[in-house]
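Okay, structure first, notes after.
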Amino acid sequence: MAAKGAGEALRAYRDILRATKKTFAGDTMMLSGSAAEVRKKFDENRHVTSESEIQRLLDEAREASHFITNMLVQAKLNSSGGYAVKASQDHAGATLETPSEAILQK
């Protein structure tokens, strides 16, 4: 991989990790799981040399970072036993879907 592509890949990798740290702040299990999954995906594609394939993977990484930052909201258990969702400015204009109790119990 060319140096430019390697630099872009490193930037995309860091952007995704930053997005997960912000979205899943305080959730150790999600932070470690998401970091492991991101690392696995980047490692799987470490030896890709095709410029078009590298560009496609970088585009996917950018989309993933955007999705994590703008479309995911971490629900937190509150003192009354329910879950509270607090959207941030990043989520302005996004449609929030509240997960069903069945999903939350898994």
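Just so you know, these numbers come straight off a predicted model, no measurement behind them.
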**OP:** Drop me the distance from Leu31's CG to Gln74's CD, to the nearest 0.5 angstrom.
**Re:** 8.5 Å

Original post:
Sequence neighbours excluded, which residues qualify as ring-ring contact (aromatic ring centres under 6.0 Å, His included) partners of Tyr13?
Top reply: Phe42

**OP:** Please identify each residue that fulfils salt bridge (charged side-chain N to carboxylate O under 4.0 Å, His left out) with Arg39, with sequence neighbours left out.
**Re:** Asp43

**OP:** For Thr20 and Leu17, indicate whether the former's side chain and the latter's backbone hold a donor-acceptor pair under 3.5 Å.
**Re:** yes

**OP:** Measure the CG-NZ distance between Leu72 and Lys22 for me, rounded to the nearest 0.5 Å.
**Re:** 12.5 Å

Original post:
Rounded to the nearest 0.5 Å, how far apart are OG of Ser34 and CE of Met29?
Top reply: 10.5 Å

Original post:
Taking Thr69 for the side chain and His66 for the main chain, is one N or O donor matched with an acceptor at less than 3.5 Å?
Top reply: no

**OP:** Look at atom NZ of Lys76 and say whether more than 12 heavy atoms of other residues, nucleotides or ligands are closer to it than 6.0 Å.
**Re:** yes

**OP:** Enter the distance from Leu58:CG to Gln55:CD here, rounded to the nearest 0.5 Å.
**Re:** 5.5 Å

Subject >> For Thr28, all residues meeting side chain to side chain donor-acceptor pair (under 3.5 Å), sequence neighbours excluded >> reply: none

**OP:** Any chance you could measure Glu53, atom CD, to Asn45, atom CG, to the nearest 0.5 Å?
**Re:** 7.0 Å

**OP:** Identify the two heavy atoms, one from Ser65 and one from Asp15, that lie closest to each other, and give their separation to 0.1 Å.
**Re:** OG-O, 3.5 Å

Original post:
Between atom CZ of Arg18 and atom CZ of Arg11, what is the distance when rounded to the nearest 0.5 Å?
Top reply: 10.0 Å

